[in-house]
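One structure is given here, and the rest of the page talks about it.
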Amino acid sequence: MRLFDTYSKSLVELDPNQAVRMYVCGPTVYARAHVGNARPFVFGMWLRSWLRTQGWDATLVHNITDVNDKIYDAAPGGSAELAEQATAWYVEDTRDLGLGMPDVMPRVTDVIPQIVAFIGSLVEAGHAYPVNGDVYFRVASFPEYGRLSGNRPDQMEDLEPNPLKEDPRDFALWKANKPGEDTAWDSPWGRGRPGWHIECSAMAEECFGPAFEIHGGGLDLVFPHHENELAQSRALGHPFARIWAHNGMLRFTGEKMSKSVGNIATLRETIDEWGRETLLVFFLTGHWRKPIDFSNETMAQAAAQAESFRNVFRGASEADGDWEAFAAALDDDFNTPEALALMHGWRDHELLRRALGVFGLESLAERAEAPAEVVALAEQRVAARVARDFEVADRLRGEIEAAGWEMRDATGGYTLVPKR
RNA sequence: GGCGCCUUGGCCGAGUGGUUAGGCAGCGGCCUGCAAAGCCGUUUACAGCGGUUCGAAUCCGCUAGGCGCCUCCA
């Protein structure tokens, strides 16, 4: 199994003798998550699922950022309540994806002591310095800074100078409490709260220790977020993540949805409108590292693909399918478009169900039971057809369709399928 | 301005030097009382220009277009 690693810009093989522990950056909870937020979640859950299928000992940690400027801005005076509410939304919406949940979902507010201790170590080692109740990371003390994102320190000059910082590139580890910020904790540097980046170093190491296999998250987090995490941990000599896996962005095209960029499709709305299966198939159609366009057209195509899988299970199973090829596609940088293409050729129910199961789509194998009244209409129609009374037969099919079902005639019987 | 990514047939999307990927949609056919599903067939694509090579969608260069990040966006 190999994955593309942002740090080395190359495919890196997972160590087969080691447990795979992965940390995927989760959302800042200040509003209902949008579809794009689901991508790293889905990627993490699928990867864990596939690794386990392949016999690995895989663990996924997915954090919740519940202290942040955005939360303060969104709910002046009530940030803790909003964070609580939005966390519940996120858990609910991602759970409805039907992929199970990460092994651990730590929150920033649960690890404040660890964060304070982490910052203390950095200050002690000379990699950070306190100023007026803030604490900043001393970028100059970490020569490797910029390596992950490819940004060269000398090219990041035109930052607005901050009189408190030694160097404009330095970033906050701890921020002194300010008016309007209604949550704060005590620390050796005064009351305040953690900066954005330190939390992930603290949470990842709290869960996994100083070294783990994979760190994931959106491509937009490479800089500054992950660059800073890496600097904080490696400055202390911790290996931190071995592989950095960044998923591509979800783009909104086609429709005029992007009027105000914040107000687009939420995960909740998308699941309600298209169903979880269609959304998952949609994610399957694009490679995890590439951008993917979310539109009515691409979603409709995903829905059609989901339906074609359901049809396979409505027919007879035939022994075919090449699991090895499927596995090879996923083992090679988790190439789901390729795996998906392979699955489309399969008629083997058992094999297909197993493959779909990797992605939480085994439900596509389930046949829906038509309600008794629809079955009654179908039986009447069978009788009408036997009597060759096609006018009645056609009328009955219309009634069956009106009830939301489609009747497919077959030699010696029929199949009732939910109308799509 | 800096760093990086992308550009494949109507749409989505594999493919990393030489055997028509696949899906969706369309069209034609088989099947069907009519349908649906399924099966068969289907005008053979690789942004443009130039280079390397016996041979390039695949390697190199340039051009055009699109995108992400550049201190708190997954």
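Labels below follow one simple rule: chain letters A, B, ... track the order of the sequence lines, proteins then strands, and each chain is numbered from 1.
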Under 4.0 Å, counting only non-hydrogen atoms across every strand here, what does [X] touch: a base, just sugar-phosphate, or nothing?
| X | value |
| --- | --- |
| A:N335 | sugar-phosphate |
| A:T415 | nothing |
| A:M343 | nothing |
| A:R397 | base |
| A:G216 | nothing |
| A:L250 | base |
| A:P27 | sugar-phosphate |
| A:H225 | nothing |
| A:R314 | nothing |

Are [X] and [N] close enough that a side-chain N or O sits under 4.0 Å from OP1 or OP2?
| X | N | answer |
| --- | --- | --- |
| A:K290 | B:U7 | yes |
| A:K70 | B:C73 | yes |
| A:R347 | B:C39 | yes |

Quick check for you: among [options], whose closest atom lies nearest to any side-chain atom of [X]?
| X | options | result |
| --- | --- | --- |
| A:E338 | B:A74, B:G15, B:G33 | B:G15 |
| A:R169 | B:U71, B:C12, B:A74 | B:U71 |
| A:D394 | B:G33, B:U71, B:A74 | B:G33 |
| A:N247 | B:C24, B:A74, B:C11 | B:A74 |
| A:A341 | B:G22, B:A74, B:U71 | B:G22 |
| A:E406 | B:C11, B:A36, B:C34 | B:A36 |
| A:P224 | B:C12, B:U71, B:A74 | B:U71 |

Who is the Watson-Crick or G-U wobble partner of [N], with both distances under 3.5 Å?
| N | result |
| --- | --- |
| B:C69 | B:G2 |
| B:A45 | none |
| B:A64 | B:U7 |
| B:A25 | none |
| B:C30 | B:G38 |
| B:U52 | none |
| B:G17 | none |

What's the gap between [N] and [M] when it is taken at their [atom1] atoms, as a whole Å value?
| N | M | atom1 | answer |
| --- | --- | --- | --- |
| B:U52 | B:A57 | P | 16 Å |
| B:A25 | B:C11 | P | 16 Å |
| B:U53 | B:G48 | P | 22 Å |
| B:U44 | B:U8 | C1' | 13 Å |
| B:G10 | B:C59 | C1' | 31 Å |
| B:G50 | B:A56 | C1' | 14 Å |
| B:C46 | B:G17 | C1' | 15 Å |
| B:G68 | B:G9 | C1' | 28 Å |

Problem - Centroid-centroid distance, A:F309 to A:H344, less than 6.0 Å - result: yes

Please check this pair: side chain of [X] against backbone of [Y], looking for a donor-acceptor N/O pair closer than 3.5 Å.
| X | Y | value |
| --- | --- | --- |
| A:N335 | A:A329 | no |
| A:R367 | A:F313 | yes |
| A:D333 | A:F4 | yes |
| A:N63 | A:P106 | no |

Let me know the distance between [atom1] of [X] and [atom2] of [N], rounded to the nearest Å.
| X | N | atom1 | atom2 | answer |
| --- | --- | --- | --- | --- |
| A:L148 | B:C69 | CG | P | 16 Å |
| A:D389 | B:G33 | CG | C1' | 11 Å |
| A:W196 | B:C69 | CH2 | P | 11 Å |
| A:D220 | B:G4 | CG | P | 18 Å |
| A:L221 | B:U71 | CG | P | 14 Å |
| A:H349 | B:G38 | NE2 | P | 13 Å |
| A:F359 | B:G23 | CZ | P | 17 Å |
| A:R408 | B:A35 | CZ | P | 16 Å |

Practice task
Quick one: sort the A:F326 and A:F359 rings into parallel, tilted or perpendicular, breaks at 30° and 60°.
Solution key: perpendicular

Completion exercise
Comparing nearest nucleotides in RNA chain B, the 5'-proximal residue of the pair A:G36, A:T298 is A:T298

Completion exercise
Heavy-atom nearest nucleotide on RNA chain B taken for A:A300 and for A:N311; more 5' hit belongs to A:A300

Taking N and O atoms by type only, does the side chain of [X] place a donor or acceptor under 3.5 Å from a partner on the base of [N]?
| X | N | value |
| --- | --- | --- |
| A:D409 | B:C34 | yes |
| A:Q301 | B:C11 | yes |
| A:R381 | B:G33 | yes |

Handout entry: Smallest separation among heavy atoms of A:T278 and A:A302, with atom names
Key = O-CB, 3.6 Å

Practice task
Check the pair A:R95, A:E92 against salt bridge (charged side-chain N to carboxylate O under 4.0 Å, His left out), reporting the backbone distance first and the verdict last.
Solution key: CA-CA 5 Å; A:R95 173 164 286 140; A:E92 181 187 324; over 6 Å; no

Handout entry: Modelled atom types, side-chain donor and acceptor of A:T285 and A:Q305, under 3.5 Å
Key = no

Exercise for the section: Using a cut-off of 6.0 Å, state whether more than 12 heavy atoms not belonging to A:E379 lie near its atom CD. Expected result: yes

